[in-house]
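Just the heavy atoms: all of them, side chains too, but no hydrogens, waters or symmetry mates, feed the values below.
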Amino acid sequence: HIRLVKNEHYYNTEALGPETITFRLMDDNNAILNSFRNGELQFIMSLPVDEIAAYLASGQLQVKDYLGTYYVCFQTEKPPFDDARVRKAFSLVIDRNYIVNQITQTGQIPADAYVPYGMRDADPEGEDFRTVGGGYYSVAEEDYQKNCEEARRLLAEAGYEGGASFPVVEYLYNNSTNHKAIAEALQQMWQKELGVTVTLNNQEWGAFLQTRKEGNYSIARNSWTADYNDPMCFLDMWVTGGGNNDAQYSNAAYDAAIAAAKSTSDPAERMKQMHEAERILMEEDAVLAPVYFYTQMYLLDESLEGLYYTPLGYY
């Protein structure tokens, strides 16, 4: 745990609230909820999948907007995911509606692009960046089989018709009940629709981050949440050699679009270049497979008052 203790030397100590605040370090959602129920925890941000619906119905579970995207990341330098057709095929057969309706269950939006809703385009009073940019594939339930047919065509074009001769690949994720449920769903979708075998490997958070950063994986769970309210927060991480570029991705045209966006003071031109960068990332190279746009959920004990929240995820 991490324990914060009220600073007696602070000029306004009386206004600081409780004497101590303790943050428990836990990754088992069942244990987290049990600790909330028995009064050991007064604030939690994750629940077991099978408990979400009941807490939503009771009105206890709070669900808020959150500027973030949950996605699948491909190692673009290693076969078979060095082929954009393979990456796109794996993305198209993800049933995003199933994941948000049956697993996460707290209002997440099936993602048809990378940058989430909630960021303005060039006109601060105008449309959202996501609305202007549009989606890069349909996430409508009625179009899922059409997406799967296109995915099988792409996989065959890449030399793996019906999954034949496709190597066994591994999906890497970090310990969490929800991540495990999503990993198992993805594994089943890829097997059923593409005829490929994907094994699952879960690691403790620190080891997981290191493995992903070093590129020692084929497919990995990933996510990004905004540090500030602008599309660049999501887009400049994929430049060649970027510190958060876990896909080991490199494209000169993409780098040029990001550089152009950063070098202009014209808001319209800046947004134009960022839309172009996202198009290259999603449409041409399929570097990642967005799954859903985040929401933030939490349970708060009645004994706590004065909590406020921002869509950047700050409490």
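A side-chain donor-acceptor contact under 3.5 Å links Thr240 and Asp255. Using modelled atom types and a 3.5 Å distance limit, the side chains of Arg3 and Thr20 yield no donor-acceptor pair. Looking only at atom types and distance, the side chain of Asn174 has no donor-acceptor partner in the side chain of Asn202 under 3.5 Å away. For the residue pair Gln248 / Ser250, no side-chain donor-acceptor distance below 3.5 Å is found, with atom types taken as modelled. In the model, Thr76 has no side-chain atom that pairs as donor or acceptor with a side-chain atom of Asp82 under 3.5 Å. Using a 3.5 Å distance cut-off with no hydrogens or angles, the side chains of Thr131 and Glu127 do not pair a donor with an acceptor. Between Arg96 and Tyr137, the side chains place a donor N or O and an acceptor N or O closer than 3.5 Å (distance only, hydrogens not considered).
Applying the side chain to side chain contact (heavy atoms under 4.5 Å, CB included) criterion to Ala31, with sequence neighbours excluded, gives Met26, Asp28. With sequence neighbours excluded, the residues satisfying side chain to side chain contact (heavy atoms under 4.5 Å, CB included) with Ala122 are Pro267, Ala268, Met271. Among residues two or more places apart in sequence or in another chain, the side chain to side chain contact (heavy atoms under 4.5 Å, CB included) test is passed with Gln210 by Glu214. Considering only residues two or more places apart in sequence or on other chains, Phe90 meets the ring-ring contact (aromatic ring centres under 6.0 Å, His included) condition with Phe81, Phe166, Trp190. Applying the side-chain hydrogen bond (donor to acceptor under 3.5 Å, both in side chains) test to Gln42 and every residue at least two apart in sequence or in another chain returns nothing. Qualifying side chain to side chain contact (heavy atoms under 4.5 Å, CB included) partners for Phe23, counting only residues two or more places apart in sequence or in other chains: Ile2, Leu4, Ile21.
A single hydrophobic cluster is not seen to contain both Ile219 and Leu154; linkage of ILVMFWY side chains at heavy-atom distances under 4.5 Å, directly or through other members, places them apart. Tracing side-chain contacts under 4.5 Å through hydrophobic residues (I, L, V, M, F, W, Y), one never reaches Trp205 starting from Tyr173; they form parts of separate clusters. Met232 and Met282 fall within a single hydrophobic cluster, where Ile, Leu, Val, Met, Phe, Trp and Tyr side chains are chained together by heavy-atom contacts under 4.5 Å. The hydrophobic cluster containing Met119 also contains Tyr228, counting ILVMFWY residues as joined when their side-chain heavy atoms lie under 4.5 angstrom apart, directly or transitively. A single hydrophobic cluster is seen to contain both Val115 and Tyr254, as judged by linkage of ILVMFWY side chains at heavy-atom distances under 4.5 Å, directly or through other members.
For the pair Ile103/Val49, a side-chain contact is recorded, criterion being any heavy-atom separation below 4.5 Å from C-beta on. No side-chain heavy atom of Leu299 sits under 4.5 Å from any side-chain heavy atom of Gln62. Using a 4.5 Å heavy-atom threshold, the side chains of Phe129 and Pro231 count as touching. Counting heavy atoms from C-beta on, the side chains of Val196 and Leu155 come closer than 4.5 Å. Using a 4.5 Å cut-off on side-chain heavy atoms (C-beta onward), Met237 and Asn245 make no contact. The shortest distance between side-chain heavy atoms of Tyr171 and Ser218 does not fall below 4.5 Å. Contact check for Glu170 versus Val198: no side-chain heavy atoms found under the 4.5 Å cut-off. In this structure, the side chains of Ser223 and Tyr294 come closer than 4.5 Å at one or more pairs of heavy atoms.
Applying the salt bridge (Lys or Arg N to Asp or Glu O under 4.0 Å) definition to pairs two or more places apart or across chains, those involving residues 261-270 are Asp230-Arg270, Asp236-Lys262. The ring-ring contact (aromatic ring centres under 6.0 Å, His included) analysis of residues 38-62, with sequence neighbours excluded, yields the pairs Phe43-Tyr298, Phe43-Tyr315.
The two residues Ala183 and Leu200 make their nearest non-hydrogen contact at O-CD2, 3.8 Å. Here the shortest heavy-atom pairing between Lys78 and Gly215 reads NZ-O, 3.0 Å. The two residues Asp285 and Arg87 make their nearest non-hydrogen contact at O-NH2, 2.7 Å. Across every non-hydrogen atom of Met297 and Ser46, the tightest pair is CE-CA, 4.0 Å. Arg130 and Ala113 get closest at one heavy-atom pair: CZ-CB, 3.3 Å. Of all heavy-atom pairs between Val139 and Asp112, the closest is CG1-CB, 3.8 Å.
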Taking distance alone, no hydrogens or angles, what donor-acceptor pairs closer than 3.5 Å link side-chain atoms of residues 141-148 to residues at least two apart or in another chain?
unit_1: Asp143; atom_1: OD2; unit_2: Ser138; atom_2: OG; d: 2.7
unit_1: Tyr144; atom_1: OH; unit_2: Val93; atom_2: O; d: 2.6
unit_1: Asn147; atom_1: ND2; unit_2: Ser138; atom_2: O; d: 2.9

Show me the donor-acceptor pairs within less than 3.5 Å that the side chains of residues 63-72 make with the rest of the protein, sequence neighbours left out.
unit_1: Thr69; atom_1: OG1; unit_2: Tyr114; atom_2: O; d: 2.8
unit_1: Tyr70; atom_1: OH; unit_2: His179; atom_2: ND1; d: 3.0
unit_1: Tyr71; atom_1: OH; unit_2: Asn222; atom_2: OD1; d: 3.3

Which is it for Tyr308 and Tyr314 under the ring-ring contact (aromatic ring centres under 6.0 Å, His included) test, yes or no, and what are the steps along the way?
CA-CA 8 Å; Tyr308 64 94; Tyr314 300 134; over 10 Å; no
Exercise for review: With side chain to side chain contact (heavy atoms under 4.5 Å, CB included) as the test, would you mind laying out the steps for Lys192 and Asp95 before giving the verdict?
Suggested key: CA-CA 12 Å; Lys192 178 183 176 184; Asp95 188 343; over 6 Å; no
Given the rule in the side-chain hydrogen bond (donor to acceptor under 3.5 Å, both in side chains) test, do Asn178 and Ser176 qualify, once you have shown the distances and angles that lead to the verdict? CA-CA 6 Å; Asn178 279 13; Ser176 160; 5.6 Å; no
| task | Check the pair Val168, Thr199 against side chain to side chain contact (heavy atoms under 4.5 Å, CB included), reporting the backbone distance first and the verdict last. | result | CA-CA 7 Å; Val168 175; Thr199 61; 3.8 Å; yes
Would Thr225 and Phe234 satisfy side chain to side chain contact (heavy atoms under 4.5 Å, CB included), going step by step from the backbone distance to the final call?
CA-CA 8 Å; Thr225 55; Phe234 287 83; 5.7 Å; no
| said: Checking Glu184 against Lys180 for the salt bridge (Lys or Arg N to Asp or Glu O under 4.0 Å) test, could you report, in this order, the C-alpha distance in whole Å, the side-chain angles of both residues, the deciding distance, and whether it holds? | reply: CA-CA 6 Å; Glu184 291 172 344; Lys180 181 175 186 289; 2.7 Å; yes
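For the atom pair NZ of Lys88 and CZ of Arg153, the computed distance is 9.0 Å after rounding to the nearest 0.5 Å. Distance CG/Leu41 to CG/Leu300: 12.0 Å, rounded to 0.5 Å.
Members clustered with Leu16: Tyr10, Tyr11, by chain and number, using a 4.5 Å side-chain heavy-atom cutoff among hydrophobic residues. Taking a 4.5 Å side-chain heavy-atom cut-off between Ile, Leu, Val, Met, Phe, Trp and Tyr, the cluster of Ile109 extends to Tyr117, Phe293.
Here the side chain of Ser263 pairs a donor or acceptor atom with the backbone of Ala260 at under 3.5 angstrom.
Between Arg212 and Asp246, at least one side-chain N (NZ, or NE/NH1/NH2) sits under 4.0 Å from a carboxylate O, which counts as a salt bridge. A salt bridge links Arg37 to Glu51: at least one charged side-chain nitrogen sits closer than 4.0 Å to a carboxylate oxygen. Looking at Lys272 and Glu276, no side-chain N of the basic residue comes within less than 4.0 Å of a carboxylate O on the acidic one, giving no salt bridge.
Heavy atoms of other residues, nucleotides or ligands lying less than 6.0 angstrom from CD of Glu305 number 12 at most.
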